[in-house]
Each structure stands twice: as structure tokens, then as C-alpha cells.
Amino acid sequence: MGIYKEFKGLNLPEIDKEQLEFWKDKSIFEKSMQEREGQETYVFYEGPPSANGKPGIHHVLARSVKDIFCRFHTMQNKLVERKGGWDTHGLPIEIAVEKALGITKEDIGTKVTVEEYNAKCRETVMQYKDLWDDVTNKMGYWVDLENPYITFENEYIESVWNLLQKLYKNDYLYKGYTIQPYSPAAGTGLSTHELNQPGSYQDVKDTSAVAQFRPIRNEQSEFLFDSADEDVAIIAWTTTPWTLPSNTALAVGKKITYTKVKTFNPYTGKPLSVLLAQDLVGKWFKAEQAELKLEDYQQGDKKIPYLIASDYLGAQLLDIRYEQLLPYAQPEEGDAFKIIHGDFVSTSDGTGIVHIAPSFGADDMFVARQNGIGALTMVDKQGKFIDSMGEFAGRYVKNYKDDPDYVNVDIDISVKLKKENKAFNVQKYAHNYPHCWRTDKPILYYPLDSWFVKATKAKARMVELNKTINWKPAHTGEKRFGKWLENLQDWNLSRSRYWGIPLPIWRTEDGSEEICIGSIAELRSEVEKSVAAGHMTEQLAEGFDMHRPFIDTVILTAADGRPMKRELDLIDVWFDSGSMPYAQWHYPFENEEKFKANYPADFIAEGVDQTRGWFYTLHAIAVMCFDSVAYKNVVSNGLVLDKNGQKMSKSKGNAVDPFTTIAKYGADATRWYMISNAQPWDNLKFDLDGIDEVRRKFFGTLYNTYSFFSLYANVDGFDYKEAVIPVADRPEIDRWVISMLNTLVKEAGEDFAAYEPTRATRKIQVFVTDHLSNWYVRLCRRRFWKGEKNADKIAAYQTLYDCMVTIAKLMAPVSPFFADFLYRNLNDSTQQEAHESVHLAFYPAVNESDIDSDLEQRMNYAQRISSLVLSLRKKERLRVRQPLRKILLPVLNPTFKGQVEAIKELVLSEVNVKEVEYLEDGSGFIKKKVKPNFKTLGRRMGKNMKQAAAKISTFTQEDIALIEKDGCISLTLGEETFNLEAEDFIISSEDIPGWLVANDADLTVALDISLDDALLAEGTARELVNRIQNIRKDRDFNVTDRISLTIEKHDDISGAIDQFKDYICTEVLATELTIVENLENGQDVELIDEVVVKMNVSLN
RNA sequence: CCUGAUGUGGCGCAACUGGUUUAGCGCAUCCGCCUGAUACGCGGAAGGUUGGUGGUUCGAGUCCAUCCAUCAGGACCA
């Protein structure tokens, strides 16, 4: 039994389990923080997930990203605390509960008490907490699950109230009357989020009407009239004729050209001049009817003639007044019934004149306010016309009640307009209209009272501070988030629901006095006053619930003694999560020091969908309340799609379950795959085969490297107790891999620090598979299993060991399980470092002095030369086991020969060739070619580059020799002469006449393929060794077992046996090799070219 | 409709500020090979008008314009 553990095979899920146990037993996560107590902090904020849905594979990606940087900075010796959190309020939970209870919103407070309902919410919201904790644990995400912040707890709510009060005091809160999507059928306002539910927008056919508004004839409008009796109408189109009684203005575009068209009303046949946008005349009048004469028209004619009379610019029409279309009521406040300008007016639809009903359209309200226009609200919250609507009073504007006898109000209004010569056109119109996702009834836009955060007031500062935040990727911050901030609207804070943080504002009935409460203590003292004033009978109980309905029983007293009731609204849940930097510590009521040390965050990460969600609310609250950013670095990760690029969804059945994936492939392979395959902010096409590939290629290779190491280190008893051999004294290849390793440490460190995990993982992977395993270990195998434990062998062990320990550290942030497994298997045995886990260790320091770019370059030559030789062998069908005489290398530049000499032995043994011969300049063998170096020459020559390139291609061998000798050459193009230097050219050898040649960029290699008896015999000897090794392997001999060999005499191998008997015996660990005339019981072994020998291999 | 991202062999990705790139790598396919590390790898074959078009430039996968496609976000739906 050696000191290093040996394993039968790579089992990542098993490693996961062992590591989890180990971390738990030894409290490694806790230690990773305890050991860094007092060090510089790296602050991370956990965006709270909602535990009322199950975790998906995209959560694994998001949390991997978070985990990577927290772990990386822990390894930078920083204190990284990560408080977990839960988002517990909001509509998704309420809806889930309604569904579970089989009720709708209207039933709350009637069928179910608010108290019962909220209790159910509280209970339901954590229903999948265990599942979340489980996935967090299994994927290796380190976050404090023991002491999470929970948004429904009183302490949390109190902190939020404090923030709200801060906003209130700084004049950031106001109550406003705005137009919002509203569902009369459900009796509730809808958030834009709800409006964006799939299926909300439905294609429907509505009655649309073009109404005729008659301008009042006066000095201002006189220019519109040609004669004393001309009947002029401004026509406007609407798909909601029920809003026409509420019309108070018409909007035109200042720059739009309007045309007056003389024609007849199609329903009454009376002469009429209509005004509409020039661009839309063709939409309402057929070209062929322009041919008809107005005077020929007879009432009832199907084809109505028309005549284009005159054009006006929209600006000319402004402020013209018109007669109210359906005068059921007058607006109480503001101006009305005049033409105003609207930015949004276009000529893509309708008539280019927009009917404005401020109560029923957000744009309408906005433009009306700008112009001092009042509103009419002729429809109530149930969706029916109010009493003053005459014959329409009490009728629903849409069929909200599923009344089978429902008569369409839009049609009746249209009929009325037709009769009164007020309709120019009425027809069915198919369009897309939002519907309530709960009741499936059309919504309407309705003015509602809401509390707003005056975010627009802080807009400039938010934009400015956003520029100091490092966004990954940059465009999400600069463009998506930056643009959104620039077009910021006030934040509608109100939600008329039950399960959420109540708005802490109490008002007198007339709204003349109000108070915003900022703490429980303050509420308590206000309640005391209220009890004294007789509005309440009892003081607040200890630990009272701050939710509804309890909070609504609190009635406060105004200065003049009048009662104040709480505004019934809850606040937007996004305010909850945006408050977490403060509320997670119950700041400012507790933990002031803690808060200050942890604000703002160094790093947060969430999905890009949080740009307008959490990223915004964090930023907005921080700017408005603290004039600060909330986070300095933010990674917004992309979506996780299925392997075909489709969105994952349960209904499609293409969702990947995180639990089965982790259980099957291990957390590390899953994490490594997700991070190395695509940048976190790109969408990831998630393919399980990709995880398997990562497992095989990366983890498999690294595991095998360890297996290889442990196998021989155990045999040799390498425990790293020997004196460290200075790097400078180690062989070329050791110094090379150490140089490469240090380059990697440097670059990967920079990548991690720059929030570029994908780059880091790719570099680590290339190092492990290409450089460490397939070059270093492959070429060094013999050093590990041959001969005594001498300095060379120790150097090899130390080098390989150091590489693996370092790799364990580099990969630890991304693949915490395997990294620790590797680290502990190495370090536990040698005790080189005092850390019991890689996650307590530090990111390795770069030894700049060990980085040798010359060395890296010559090893690159070695790899490429080997590759070229192997390619030539392939072409000539010369097995690698067959030794060849020599390689010919043209010398490219003065340093080339020295560089190749240093790695000559590696190349020769790799490609099984005896020697290298250099072809020097002037040997006459080499033909060189020259190409311009566009990078340097292009800059200098500019426009002349093309000509110069042509000229350079005509250079003779002598010219090239001249460049190499003098380092410069002059080139004449027409009038001009340029002095060019050696660096302006790329010289390479092209060909070696008479030889088998291969090229790779500037390298050229020729191979001598002539064979003699000695080479053939050696080749045969190597074949024999290979076959015997295979037999050893087949028979499961130990690598150290000695054997005896008996081979039947065969002419084709006698030369090999004569000359290479010792070699063969050493290679296969044979104590004796006997040749016999006849071998019975021997096994047939095929060598080459159908040569079959009989041999017997036996264990000593 | 606006904004942004993406578009490179069948698939997934790369190519530092435009220039030693004949557009690389991996997976998959086929042929061959090496291996006392049973994992990988190596060599070769096949596979591309770098989404289209136009432009700037001595030179464009890279910059500009425009169009197309996909994705995301937003506006609007009178």
C-alpha cells in the first residue's frame, strides 16, 4: 500500500458524496470564512429565489457563476460571506394559493378570511425549500443556508419600511392617478407582467367607428371652410366606440399634412367635407371614385364621389375647438374639446387624427395633462356606463358577465352616431387586444389611484452611477440597462393584494394629513397616541404580524385628532428584494457595522431577465436612499436552452432536471461544462452529451494523470520529503511544463479577476489535456518507471506533483469537488501545505522567473516537428516503431538551431529517429521563399502595399540571402524607394529537392527513409517488446513482475535477438530470454507483414 | 415598430487593437496508428462563397451601411 490513494476508475458522483461529507464533517465552508476573519472583504449579495417553484438546471448555471467568484476571492485571502435569502411575497405565490384553495381574488375576505389566506401563503411559499437546499448542497454552491434573510419576517419588513420612510421624507413617494390595465371582470388592476402572460393578447373582432367631430366655426377655424354652408368634420377612428362619450380632445401630428376631402356621408347621403391625414386618404376613398362628379351624386348611390379640396399642416389645426360628440356630461376640471398635438400620432392607421379619452388610455391621459385637458370617466369599475349616460346608463361596455342576452354597446353607439350624421364609417375590425389572464375577458385601461416612487427625480444620478458599475457583458449595462434608465418612468409601487409588505402610510379620509411610518417603535408610539385619542383600544402586542389584515386594524390619529387609516396597498415585491442589502441585516435597527462592511456589494450575478427586476431595484433604492451604487460588478447570465436552442419548458418535455443530471454526471462535470462551453452571458445550448465529453476528456485525463502519478510514486515511495530540486536544475521538459504552468496561473488568474470564467476554464483544460498529459507525461513516462530514484526521477515527481496541486487550485472555483479530491489525495499524503482542503488554500502565486518564452517556443517547435515527421511516416506507411536514420531541418534563423538542439532528444525519441541534420544556408539544398509581413509592412507602405507585395514575390534566392545577411533591403516602386528591414519579411524554406518534405507555416522537415539491417533489426526488436508487453497486460501481470521468455527460432527475428537481446529483456523485465528450435505450448504472436512467432511468457 | 445580442463545415466553439490564417479546435463519420496511463491521444480523409448585398481599406470573419434569420427586451395596438 502506497501513500497515495489509488482508485479503480473515475466516479465523479461518488467523489461528490465523499467531498460533501468531508466538507460537512470538517466545516470547511465555515472555516473558509473563519480563517479569513479580519481580512479584506469581498461582498456578495445573493438574489433571493422564491421557493414556491422547483429549481431548474438554469439555477445551477446561475449559482455556479456566483459560486465561482466567491470561491476565487476566498482563495485570494478575502473574507467572503454569502448570506442566503428567500423571496416570499408576490403574485406567483398568491395565485398558487388561490389555486390550491380553489378560490379567486374576490373570495378573499368573504369565503376565506385574509388571515387564513395569508397563513396559507406563508406556509406555501416555502414548500420547495428542501428541494432548493438539496440542489444548493449537491451542486456545491456555498451559501449560508442556516441564517438566510426571509422577506416576510418582521425584521425584514421593518427595514423596508425604513427605506420607504426615507423615500417619503425625501419627497420620492406620491399618490397619483394613472391609467392602468384593469380587469372589470376580476375587479382588479393588472401589472404589465400579468399583461405579458402568454395568451393575454388575443385576436378579436370589434366594431370600429370613424366619428365625425364638427369644428366650431370662428376666426381660428375659418380657414377650414370654403362656403357658408359647408359641413366640415374632423374624422377620428376608434376600435372602442364605448370610449367616445368620454372624448375630451383630438390629437394630430404637428408635422403631418392633413387634407380636406369633399364628399357625402355614406349613411345620410348629406354633403360633407372631412379632414384626415393626406397619407390616409387612399385608405378611405377609392381612387376610381375620384372620377365621379360631386354634382352627379344621388342619395343612395353606392359609389360616393369625392374631391380633394385643400391641404393643411397639423400645426395649423392646433387649438381649434369642436362640438362635443356625445354630450352626456362635461369634465369637471380642465379644458376640453379642442385639437392638440400628440407625438404618438402616426399615419399608419385610422385617419391620422386620434380620439382622446384621457380616462381610458395612458397616452391619452399623458397628452391631455400636458395640454390641460380634463377627463370624462363615463364607465365605472364594474365596466358599465354610469347613470348620466342616458339611454346607455347601466350597460356593460363589454360582456363581462357572460350575459346571453348581452347587446353590444359599441354597435348601439355606432348606430346612434350614424343616425345623427356623426359616423363616417362603421365596420368590424380584427385586432390584437389584451385580455385578463384570469377571466379571459378583455381588459380596459382605467384610471386608478396608486402610490409611486418618483424615480424620474433620481434618473440623472442613476444614469451617472450606472457608468461606474462593471457590467458583464458590457452591453447589458451600457445599452439595455443604460437606455432603460434614460427612459425611466416613475415606479408604480401599489399592488392591491394581500400577501406582501403593506405600505406604511396612514391618511385621514380626505387625504389632508398623512404619516409614513419607518419603524415598529414609531408605530408603537403612534398607536399609543391613537389609544389616547380613542381610535384604538389596545396597544400593539409584542411580535404582532406586520402583514394584512392585522396592520389594517391599526388606526392612527392625526394632529387634529381625526382618525387616519392605512392606505390599503401592498408594495411591489421587487421593492422587497431590492431592499436586501439593508434588510438582510435588519439595518438600521441592528448590525450597523456589519452593514457598513458589506455595502455596496463587490459582486452580484443573476439572469439577464433581472435587468429591470432586481438589478434595477437594487440600483434605484441605493441611489435614492444612499446616493451609492449597490454593486460594483454584475454578471448577467443568459438563458439555458435545450440542445436545439429551444426554450426549456415542462410542456415540451425538454427540461433538464438538475438532480438527475448531477447524480449521473457529477456536479463538477456539469459546472465545468456549463462554464467552459459558452460565456455565462451567452445563451447556453445545454447538451448532456457535452457534459459527458467534459467528463471523459478533462476530468478523465486529469484523473489518469493522477493515477499514473500515484502508481509510480507509490512504487518509488515518493513523498516529497526530498530536497526540492531547483527548477533551473531540472531537465528541459520539466522547466517547460513549469513555465507553461506559470503562464497559465497568471492568465487564468487574470481571467477570474476580470469575471471571465469561460476563458479561464478553457485555458486550464488545454493545459491539462494537451500540455500536461499528452506531452509532458507522455514524453516523461520512462522517467517514472525506469531506473533508480535519482535526481532526474525526483525532479519528474516534483514537477508533476506541483502541476497537479496547482491545477487543483486553479480549477477549485469551478469544480470544487474534484479539485478538493485531487488536492487532498496529494497534499494529505505529503503534507506540503497546512490546509486540509483546497478551498482553504490560496490561489497560487506566479513565478515570473519560471516563465521562459524561448523555452515555450522551442517546445512548440518540438511538437510541430514531431507532428510533421509523424505525418511523413504516415504517408510512407512507416510504423513509428521502425527507427529511421535522420531528420533534415533547414535552418530558418540564427537562433533556430540552438532552439532545436535543446529539444532534439525529445523529438528523436518521440518520432523514433536517430539524428537531426541541419541544412545551413549556402548548402545549396534549401530553397527559400519570402512573403511580406503585412502587419509591419502594411503600416509602412499603405497604398503601395499591393505593388510591393507583387515585387517581393519576384525576389530571387540572392535577394532573400541579402535580407538575411544585411537585415535590410531597399525596394524601389516607381519614383519612391523604401528601406525595408528583416522584420518586414517572413522567410521560410519551401522545399528540399529530392527529399520527402512536410511544411507547417515557417517550419520545414525532411525525412530520410532509407533503412539498413541494423535499423530493421531494431524495429523488429521494438515490435517484439510491444507484443510481449501486450501479453503481460493481457495476463494482468503487475508492472514490477519479472518474467522468463522462451521464443521459437525464426529467421525474421534472429537479427533483432542477436543485437537487441538486452534491450528487449530490460524493456519487458525478463530475467532470461531463450531461443529454442521447437516450442510447444507457445502462443502465436503476429509481428509485422504476417510474420508469426511462437513464444512463451512465464512469471518468475 | 424600436433597441440590443447572435449568425463561422452536420453540431458546439476559436481567431489579441483590421495584417505570418492557406479561417483554427473539439464532437460526430471514415481509414490508419501509438500506448505497461484502459483514459486519452496521434496521423490522414471528408466537410466552409465566415447569413446576403454593397462600401471603407494596400488588406475585412473583424470596421461602416443595408437587408435576412434567430433570441431577448421594450414601445404600440387610437
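Convention: sequence-line order gives letters A, B, ...; per-chain numbering from 1.
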Asker: Nearest to the side chain of A/K685 - B/rA5, B/rG12, B/rA78?
Answerer: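 My answer, after comparing the listed nucleotides, is B/rG12.
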Asker: Suppose we screen for side chain to side chain contact (heavy atoms under 4.5 Å, CB included). Which residues come up paired with A/L1069, at least two apart in sequence or across chains?
Answerer: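 Per chain and number, A/L1069 pairs via side chain to side chain contact (heavy atoms under 4.5 Å, CB included) with A/R1032, A/R1042.
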Asker: Tell me every residue that passes ring-ring contact (aromatic ring centres under 6.0 Å, His included) with A/W491, counting only those two or more places apart in sequence or in another chain.
Answerer: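 For A/W491 the ring-ring contact (aromatic ring centres under 6.0 Å, His included) partners, ignoring immediate neighbours, are A/F575, A/Y616.
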Asker: For atom P, what is the distance between B/rG24 and B/rG47, given to the nearest Å?
Answerer: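 Approximately 14 Å lies between the P atom of B/rG24 and that of B/rG47.
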Asker: Which residues pass the side chain to side chain contact (heavy atoms under 4.5 Å, CB included) test with A/D689, sequence neighbours left out?
Answerer: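 A/D689: side chain to side chain contact (heavy atoms under 4.5 Å, CB included) contacts with A/D687.
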Asker: Given the P atoms of B/rA5 and B/rU17, what is the spacing between them in whole Å?
Answerer: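 To the nearest whole Å, 16 Å.
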Asker: Taking the side chain as every heavy atom from C-beta outward, state whether A/W672 and A/I764 have any atom pair closer than 4.5 Å.
Answerer: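 They are in side-chain contact.
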Asker: Any ion pair linking A/R1027 and A/E1023 (charged N to carboxylate O, less than 4.0 Å)?
Answerer: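 Judged by the 4.0 Å cut-off on N to carboxylate O distance, A/E1023 and A/R1027 do form a salt bridge.
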Asker: Can you tell me the distance, in whole Å, between the CH2 atom of A/W242 and the P atom of B/rA78?
Answerer: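 The answer, rounded to whole Å, is 10 Å.
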Asker: Could I get a table of every N or O pair under 3.5 Å where one atom is in the protein and the other is in nucleotides 24-26 of chain B?
Answerer:
from, atom 1, to, atom 2, distance (Å)
B/rG26, O3', A/K697, NZ, 3.1
B/rG26, O2', A/E693, OE2, 2.8

Asker: Once side chain to side chain contact (heavy atoms under 4.5 Å, CB included) is applied, do any residues pair with A/D692, and if so which ones, sequence neighbours excluded?
Answerer: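 Result, side chain to side chain contact (heavy atoms under 4.5 Å, CB included) vs A/D692: A/Y665, A/R695, A/R696.
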Asker: Using the P atom on both, measure B/rC63 against B/rU6 and round to a whole Å.
Answerer: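 After rounding to an integer number of Å, I get 10 Å for this pair.
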Asker: On a whole-Å scale, what distance lies between the P atoms belonging to B/rG61 and B/rA69?
Answerer: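 Roughly 24 Å separates the two P atoms.
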Asker: Can you figure out which of B/rA14, B/rA5, B/rG12 approaches the side chain of A/R762 most closely?
Answerer: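 Out of B/rA14, B/rA5, B/rG12, the nucleotide with an atom closest to A/R762's side chain is B/rA14.
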Asker: Okay, side chain of A/W284, backbone of A/G350: is any donor-acceptor separation there less than 3.5 Å?
Answerer: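 Looks like yes, one N/O pair under 3.5 Å.
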Asker: Sticking with atom C1', work out how far B/rC71 lies from B/rC58, rounded to a whole angstrom.
Answerer: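 Each nucleotide's C1' atom is 39 Å from the other's.
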Asker: Starting from the 5' end of RNA chain B, give me the residue, A/T758 or A/R778, whose nearest nucleotide shows up first.
Answerer: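 Counting from the 5' end, the first nearest nucleotide belongs to A/T758.
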Asker: Of all the heavy-atom pairs spanning A/L1024 and A/I1064, show the shortest one and how long it is.
Answerer: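 Between these two residues, the closest heavy atoms are CD1-CD1, 4.1 Å.
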Asker: Choose from B/rG4, B/rA78, B/rC13 the nucleotide whose nearest atom is closest to any side-chain atom of A/Y433.
Answerer: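 Output: B/rA78.
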Asker: What would the secondary structure line of RNA chain B be in dot-bracket form, counting Watson-Crick and G-U wobble pairs under 3.5 Å, with [ ] for pairs that cross earlier ones and | for pairs with another strand?
Answerer: (((((((..((((.....[....)))).(((((.......))))).....(((((..]....))))))))))))....
Asker: Of the listed nucleotides (B/rA37, B/rG4, B/rA78), which one gets closest to any side-chain atom of A/W237?
Answerer: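 Minimum distance to the A/W237 side chain belongs to B/rA78.
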Asker: Once you round it to whole Å, what is the distance between C1' of B/rC40 and CZ of A/F709?
Answerer: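 Rounded to the whole Å, the gap is 20 Å.
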Asker: Map A/L779 and A/A678 onto RNA chain B by nearest heavy atom, then report which one ends up closer to the 5' terminus.
Answerer: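 Going by which nucleotide is closer to the 5' end, it is A/A678.
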Asker: Classify every nucleotide of nucleotides 62-72 of chain B by which part a protein heavy atom approaches to under 4.0 Å, writing B for the base, S for the sugar-phosphate alone and - for neither, in 5'-to-3' order.
Answerer: ---------SB
Asker: Looking at residues at least two apart in the chain, or sitting in another chain, which of them share a side chain to side chain contact (heavy atoms under 4.5 Å, CB included) with A/K472?
Answerer: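 Checked A/K472 against side chain to side chain contact (heavy atoms under 4.5 Å, CB included); matches are A/N470, A/V635, A/W681, A/Y755, A/E756.
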Asker: Measure NZ/A/K763 against C1'/B/rC13 and give the value in whole Å, please.
Answerer: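 Taking NZ of A/K763 and C1' of B/rC13, I get 15 Å after rounding.
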Asker: Say you pick atom C1' in B/rG4 and the same atom in B/rG32; how far apart are they, in whole Å?
Answerer: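 Going atom to atom, C1' in each nucleotide, I get 49 Å.
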Asker: May I have the distance from A/L10 (atom CG) to B/rA37 (atom P), rounded to whole angstrom?
Answerer: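 Rounding to the nearest Å, CG of A/L10 and P of B/rA37 are 18 Å apart.
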Asker: Identify whether any heavy atom of A/R696 sits under 4.0 Å from a base atom; if not, whether one sits that close to sugar-phosphate; answer base, sugar-phosphate or nothing.
Answerer: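 It contacts sugar-phosphate atoms only.
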Asker: With heavy atoms under 4.0 Å as the rule, sort A/F698 into base, sugar-phosphate or nothing.
Answerer: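 Contact class for A/F698: none.
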Asker: Protein-nucleotides 30-34 of chain B N/O pairs closer than 3.5 Å?
Answerer:
from, atom 1, to, atom 2, distance (Å)
B/rG32, O2', A/K874, NZ, 3.4
B/rC34, OP1, A/R881, NH2, 2.4
B/rC34, O3', A/R881, NH1, 3.3

Asker: Could you work out the separation of B/rU57 and B/rC42 based on their C1' atoms and round it to a whole Å?
Answerer: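 Nearest-Å result for B/rU57 against B/rC42 at atom C1': 42 Å.
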Asker: Please give the distance between the C1' atoms of B/rC16 and B/rG55 as a whole number of Å.
Answerer: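 Pairwise C1' distance, B/rC16 against B/rG55, rounds to 26 Å.
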Asker: Counting only non-hydrogen atoms, which of residues 765-774 of chain A are less than 4.0 Å from RNA chain B?
Answerer: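 Output list: A/S773, A/N774.
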Asker: Can you classify the ring geometry of A/W471 versus A/F481 as parallel (below 30°), tilted (30 to 60°) or perpendicular (above 60°)?
Answerer: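 Judged by the thresholds at 30° and 60°, the geometry between A/W471 and A/F481 is tilted.
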Asker: Keeping to residues at least two apart or across chains, list the side-chain hydrogen bond (donor to acceptor under 3.5 Å, both in side chains) pairs with something in residues 703-712 of chain A.
Answerer: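 side-chain hydrogen bond (donor to acceptor under 3.5 Å, both in side chains) check on residues 703-712 of chain A returns no pairs.
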Asker: Assess, by modelled atom type and distance only, whether the side chains of A/D716 and A/Y797 contain a donor and an acceptor separated by less than 3.5 Å.
Answerer: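 Their side chains do contain a donor-acceptor pair, which is all the 3.5 Å distance test asks for.
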Asker: Return each pair, listed once, that meets salt bridge (Lys or Arg N to Asp or Glu O under 4.0 Å) where at least one residue sits in residues 771-781 of chain A; pairs must be two or more places apart or across chains.
Answerer: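 Matches after skipping sequence neighbours: A/R778-A/E910.
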